[in-house]
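Here is the structure we will look at, set down as structure tokens.
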2 protein chains.
Amino acid sequence: MNNNNKFSIGEFSEKTGIPIPTLHYYDEIGLLRPEKNPSSGHRIYNYQDIIILQKILSLKFLGYSLDEIKNLLNKTSFTVDLNESLSLHFQALEKEKKQIEQSMKSINRVIRLIEEEGTVDSNLIFSLIHGMRTEHIQEEWMVRHKLTDVMEELGKKSEEDKISLDKTFTQVSKEVKQLYGKPVEDPKVQRMIKNYIEEFFSFLGEDLMQKIADTNIEGELDIQELENMTPSLLTEDEQKWFNQAMEYHIQQEEME
Amino acid sequence: MNNNNKFSIGEFSEKTGIPIPTLHYYDEIGLLRPEKNPSSGHRIYNYQDIIILQKILSLKFLGYSLDEIKNLLNKTSFTVDLNESLSLHFQALEKEKKQIEQSMKSINRVIRLIEEEGTVDSNLIFSLIHGMRTEHIQEEWMVRHKLTDVMEELGKKSEEDKISLDKTFTQVSKEVKQLYGKPVEDPKVQRMIKNYIEEFFSFLGEDLMQKIADTNIEGELDIQELENMTPSLLTEDEQKWFNQAMEYHIQQEEME
DNA sequence: CCTTGAACCTCAAGTTACTTGAGGTTTTAT
DNA sequence: ATAAAACCTCAAGTAACTTGAGGTTCAAGG
């Protein structure tokens, strides 16, 4: 088919980069109907068809469905009607973009953690991702409890700082699992707790810690709710033991 | 079902925000199988199921398919194996993000154009989008013809400048369609041409224009190819007429 | 205890934008 | 003339749900 204005489906596919089955499909749904050789049934594409295909690809690029494209293709001019649909698409894309950025950050943190730790408890990973995924919910919660300044400060922390906090959490959860069962006053346990508190302090800074501590949380119930939906690093028992060790540590400090 | 550790599918759906049919579906494909009341067949979800669902959502957030998730769910720890797959996902997301950013820019330009012009010839829109969609191809073309510095300069132009160039193109194509048929030496026609050249000059700057003009393009064929794939603003005849008017204008200038 | 409406069940089919495959015909090159 | 390559149609598969029909179970009011 070497007339230079007519192409077989293979040549057309080659030229445009669109696979043959897809062209078949577009023909079938009436989106791009080339001429056909009446005896053999073979499709014959021409330059005009290239233009139409380019239009189709352009509209797909903007995010339209093939069905919408079928309707738009016949229009010779785009007016203010279109404007609205474009704006909608724009907003949808914006949202999608944010989603993707979040995901990329999350993945990055997980990658870094695995790289530096070798093996990581899957629950930690899940609670990490969960945290990022539901960042907006947490923010809302903070706003509700008038902790907007805390939120702002947290927002300023670099990704690096967050990663190093992730590492602390991994370490701690590993140690807890090792030390679990020992009496809470065991010096090893107390060292671990001390270490944990210090790291956390140095991340948040003293005044932020104070602010959080000062916040009297009325609706304890919804924290519980929230917690129930978060994959936890520790089993229920480990968590209890950890809390006891923490209590003990604070008491000791106060006695000094 | 008001035992506070067991939920009906409705309650569970409410709590997690996942629609009931989706939960049915997850049950069917074995992703999240809650207990069932053996006599009625009603599903009974508990807190553990919330955690599992959160894990599923987390992995979806990272971009895994439900099938992959099914396999990942049982793993208790994530090791370096996972690292590779995460990196892959990261790259995929990066690409997707770029795509979206491109689309957003395109839509923005189209919106602006429609806003300011009211009605726009659909071919203009298509050639605009086409241009953005195939930016990388054009870049490649420029690199091949050693026009990297031109490319760089173009990259520096602000979106605003590009939009105003879009407007020039619209205006010109409208005027061409109005004036088409008049002799090329008609003063109106020549004014239009002059105007067009000036606008184009002021966008590119004189030295860039010169560089482009100096480039001796060996492979004229592939320009032709490229052009055949671009929706054109003008019909073939209009384009010819425009080129003639342009020739005439340049001749006149040279005579002075 | 009965009824009634809401909530639940299963199973089948539809959705989007393709992709894959089987089985057969036409074209093209030698 | 023949064999390989390219093409055809029609059917079915894919992911991740959504929609719908037709029937059962639960919870509350009378």
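Every chain is numbered from 1 and lettered A, B, ... according to where its sequence line falls, protein lines coming before strand lines.
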Does the side chain of [Y] come within less than 4.5 Å of [X]'s, by heavy atoms?
X	Y	result
B:Lys15	B:Leu53	no
A:Lys174	A:Glu117	yes
A:Ile51	B:Phe126	no
A:Lys60	A:Leu66	yes
A:Ser8	A:Ile44	no

Over 12 foreign heavy atoms within 6.0 Å of CD, A:Gln239: yes
Choosing from [options], which nucleotide comes nearest the side chain of [X]?
X	options	answer
A:Arg43	D:dT9, C:dC8, D:dC26	D:dT9
B:Lys60	D:dC17, C:dC9, C:dT19	D:dC17
A:Leu66	C:dA17, D:dC7, C:dT26	C:dA17

What is the distance from [atom1] of [X] to [atom2] of [N], rounded to the nearest Å?
X	N	atom1	atom2	result
B:His42	C:dA6	NE2	P	16 Å
B:Ile20	D:dC17	CD1	P	15 Å
B:Glu68	D:dA15	CD	C1'	12 Å
A:Ile44	D:dA6	CD1	P	18 Å
A:Leu59	C:dA17	CG	P	12 Å
A:Lys6	C:dT27	NZ	C1'	18 Å
A:Phe7	C:dT27	CZ	C1'	18 Å
A:Ile9	C:dT27	CD1	C1'	15 Å

Check against salt bridge (charged side-chain N to carboxylate O under 4.0 Å, His left out), B:Lys156 and B:Glu152: CA-CA 7 Å; B:Lys156 279 185 202 152; B:Glu152 242 166 67; 5.2 Å; no
Toward the 5' end of DNA chain D, by each residue's nearest nucleotide, B:Ser40 or B:Asp67: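 Final value for this comparison: B:Asp67.
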DNA chain C contacts among residues 22-39 of chain A, heavy-atom distance under 4.0 Å: A:Thr22, A:Tyr25, A:Tyr26, A:Asn37
Residues within residues 47-57 of chain B bordering DNA chain C, heavy-atom distance below 4.0 Å: none
Inter-residue atom distance A:Ile163.CD1 - A:Leu165.CG, 0.5 Å rounding: 11.0 Å
Residues B:Glu159, B:Lys162; criterion salt bridge (charged side-chain N to carboxylate O under 4.0 Å, His left out); working and verdict: CA-CA 5 Å; B:Glu159 283 297 304; B:Lys162 284 180 189 166; 3.7 Å; yes
Aromatic ring pairing B:Tyr45/B:Phe12, orientation class (parallel under 30°, perpendicular over 60°, tilted between): parallel
Between the protein and nucleotides 19-21 of chain D, list the N/O to N/O atom pairs that are separated by less than 3.5 angstrom.
none

Any B:Lys70 side-chain nitrogen or oxygen under 4.0 Å from OP1 or OP2 of D:dA15: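 B:Lys70 to D:dA15 OP1/OP2: no side-chain N or O under 4.0 Å.
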side-chain N/O A:Ser8 vs D:dC7 OP1/OP2, d < 4.0 Å: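 Yes, within the criterion.
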Centroid-centroid distance, B:His130 to A:Phe61, less than 6.0 Å: no
Carboxylate-amine/guanidinium proximity below 4.0 Å for B:Glu238 and B:Lys177: yes
